[in-house]
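The structure appears below as structure tokens.
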Amino acid sequence: VWDDSRQSRLIESIVLGLPIPPIFVAENADGRLEIVDGSQRVRTLHAFLNDDLKLSGLTKVTQLNDLIFSDLDVSRQRKFNNTTMTVIVLSENATDEVKKDLFERINKGSDILRGMEVRKGVFRSEFTNFLYEECASKGNFRGQIKLAKSVQKRQEFEELVLRFFALVDSYPKYSKFSRSVSDTLDEYMAEKRDNFTDDERKEKLKYFIDMTDFVKNNFVHGFMKGPSKDVSRIFFEAVSVGVFLALKESPNIKLSKKIDVTDWLKESEFKASINIRYKTHSSENLNRRINFVKNRILELAL
């Protein structure tokens, strides 16, 4: 979340002797400590001490601009290394809800973290690694998506992948999504943290790749509503899950022509399920737009 300028200001604050907010960590059952709040500070310190951060944009200690840690004289390096940081350790009995609540309270009023950024901190597991390292990083997936500048570095790719899997696993019963999408995704992450086998990983990776490959090869605009349009979550959900269901029904499907979704958006049924302000994730609206995509794809089968 932090750019070089903000990271540099943290280093400047330490040099000036200003107090740094405490880092919160949680003790797991095996004695490991996981960061609940303070990831950006820890990452910044790690980058600076390893010469991966060149200071910039400083207005108080301007002589530090364009310097890395090893450029500092030995006495200043020693003083920096001797800085005391406060670390508060939560008991291993702290529940995920307690961690999440603490995380959100601390971050209100600063750079408020988006849902996926919070989940990554709270629900760390093999499933989290799977989402980030094996799915969201795929070129065929990212290549079909254009994100708004405001979310490009806010883990929106990972959010979309999570929504895809959660909706696929829940289809067609979406009553939980109707109540709260965010809470439902939290619950799904918690469930997969505790129950995610290697067989499930292989299965999910295969159908995720099959889905993204199909979109790349058959949709003129990828996951977008049109040329150069930013991807919306609602539209992505409809296309990705609809494609998955079509492939599940007809794995080797070939289409008579490529799909230009701008034609779909002219149809009142689909347009009404996409361009809505309220009850966007009601079972009715979710199933209507997902099944629309699925059926249109099957209708184009050779």
Side-chain angles (χ1 to χ4, degrees), residues 116 131-132 134-172 174 177 181 204-277 280-281 284-302:
M116 201 61 197
L131 293 178
Y132 279 75
E134 298 188 61
C135 297
S137 61
K138 295 292 183 186
N140 276 358
F141 169 63
R142 291 193 173 219
Q144 310 311 306
I145 291 175
K146 179 178 178 292
L147 295 179
K149 289 183 179 180
S150 60
V151 299
Q152 284 176 1
K153 296 182 179 180
R154 303 304 299 268
Q155 301 180 33
E156 182 67 8
F157 287 111
E158 293 79 7
E159 171 89 20
L160 295 175
V161 176
L162 174 63
R163 284 171 177 249
F164 167 70
F165 286 125
L167 288 166
V168 163
D169 286 355
S170 300
Y171 179 83
Y174 292 131
F177 284 87
V181 177
K204 276 181 161 51
L205 181 60
K206 182 183 184 307
Y207 68 65
F208 177 78
I209 291 175
D210 289 346
M211 180 274 291
T212 53
D213 285 351
F214 185 89
V215 171
K216 180 178 183 294
N217 294 328
N218 294 282
F219 281 69
V220 176
H221 306 297
F223 292 106
M224 297 171 283
K225 292 181 180 180
S228 300
K229 298 277 189 179
D230 294 338
V231 166
S232 78
R233 291 174 173 180
I234 290 176
F235 192 75
F236 170 83
E237 293 165 357
V239 171
S240 62
V241 181
V243 167
F244 164 80
L245 293 172
L247 290 174
K248 185 177 181 181
E249 187 166 320
S250 182
N252 299 313
I253 189 172
K254 303 291 183 184
L255 303 188
S256 58
K257 64 176 183 178
K258 285 199 170 187
I259 297 171
D260 186 341
V261 296
T262 57
D263 295 330
W264 290 357
L265 291 167
K266 296 174 184 176
E267 298 190 40
S268 58
E269 177 190 354
F270 188 59
K271 187 176 180 180
S273 68
I274 293 291
N275 299 326
I276 50 179
R277 293 185 61 188
T280 58
H281 287 78
E284 179 184 0
N285 283 322
L286 273 168
N287 280 298
R288 184 160 50 148
R289 57 180 176 261
I290 287 170
N291 289 328
F292 177 96
V293 173
K294 169 196 164 187
N295 293 332
R296 284 295 186 277
I297 292 171
L298 294 175
E299 288 169 4
L300 289 172
L302 289 171

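For clarity, every value in this text was computed on a predicted model and none was experimentally measured. Both backbone and side-chain heavy atoms feed into the values below; hydrogens, waters and symmetry mates do not.
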Going by side-chain contact (heavy atoms from CB on, under 4.5 Å), name the residues that satisfy it together with [X], two or more places apart in sequence or in a different chain.
{"X": "Ile209", "answer": "Lys138, Leu205, Asp213"}
{"X": "Ser256", "answer": "Leu300, Leu302"}
{"X": "Arg142", "answer": "Phe157, Glu158"}

Partners meeting side chain to side chain donor-acceptor pair (under 3.5 Å) with [X] (sequence neighbours left out):
{"X": "Asn291", "result": "Tyr171"}
{"X": "Glu284", "result": "none"}
{"X": "Glu134", "result": "Arg201"}
{"X": "Tyr132", "result": "Gln155"}

How far does [atom1] of [X] sit from [atom2] of [Y], to the nearest 0.5 angstrom?
{"X": "Asn140", "Y": "Phe208", "atom1": "CG", "atom2": "CZ", "value": "9.5 Å"}
{"X": "Arg296", "Y": "Asp263", "atom1": "CZ", "atom2": "CG", "value": "10.5 Å"}
{"X": "Tyr207", "Y": "Thr212", "atom1": "OH", "atom2": "OG1", "value": "12.5 Å"}
{"X": "Asn295", "Y": "Ile290", "atom1": "CG", "atom2": "CD1", "value": "11.5 Å"}
{"X": "Ile234", "Y": "Arg289", "atom1": "CD1", "atom2": "CZ", "value": "5.0 Å"}

Atom pairs and distances, donor-acceptor, side-chain atoms in residues 238-255, under 3.5 Å, two or more places apart:
from	atom 1	to	atom 2	distance (Å)
Ser240	OG	Phe236	O	2.8
Ser240	OG	Glu237	O	3.4
Glu249	OE1	Lys294	NZ	3.4

Side chain to side chain contact (heavy atoms under 4.5 Å, CB included) between Phe141 and Val215, intermediate numbers included: CA-CA 9 Å; Phe141 169 63; Val215 171; over 6 Å; no
Residue pair Val181 / His281: nearest heavy atoms and the distance that separates them: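 So the two residues come closest at CG2-CG, 3.4 Å.
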Smallest separation among heavy atoms of Gly222 and Gln144, with atom names: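 Nearest heavy atoms, Gly222 then Gln144: CA-OE1, 3.7 Å.
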Contact check, side chains of Cys135 and Phe164, non-hydrogen atoms, under 4.5 Å: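 A side-chain contact is absent here, since even the closest heavy-atom pair is not under 4.5 Å.
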Residue pair Leu265, Phe235: steps toward the side chain to side chain contact (heavy atoms under 4.5 Å, CB included) verdict: CA-CA 10 Å; Leu265 291 167; Phe235 192 75; 4.3 Å; yes
Which residues share a ring pair (Phe, Tyr, Trp, His ring centres under 6.0 Å) with Tyr174, sequence neighbours left out: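 Only Phe177 meet the ring pair (Phe, Tyr, Trp, His ring centres under 6.0 Å) criterion with Tyr174.
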With sequence neighbours excluded, residues passing ring pair (Phe, Tyr, Trp, His ring centres under 6.0 Å) with Phe219: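 Partners of Phe219 by the ring pair (Phe, Tyr, Trp, His ring centres under 6.0 Å) criterion, ordered by chain and then number, come out as Trp264.
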Candidate pair Val161 and Lys204, rule side chain to side chain contact (heavy atoms under 4.5 Å, CB included), full reasoning: CA-CA 11 Å; Val161 176; Lys204 276 181 161 51; over 6 Å; no
Partner set under salt bridge (charged side-chain N to carboxylate O under 4.0 Å, His left out) for Lys206, not counting sequence neighbours: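 Applying salt bridge (charged side-chain N to carboxylate O under 4.0 Å, His left out) to Lys206 gives Asp210.
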Side chain to side chain contact (heavy atoms under 4.5 Å, CB included) assessment of Phe292 paired with Glu267: CA-CA 10 Å; Phe292 177 96; Glu267 298 190 40; 3.6 Å; yes
Side chain to side chain donor-acceptor pair (under 3.5 Å): pairs with one or both residues in residues 216-233, sequence neighbours excluded: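 Every pair satisfying side chain to side chain donor-acceptor pair (under 3.5 Å) with a residue in residues 216-233: Lys146-Asp230, Glu156-Arg233, His221-Asp260.
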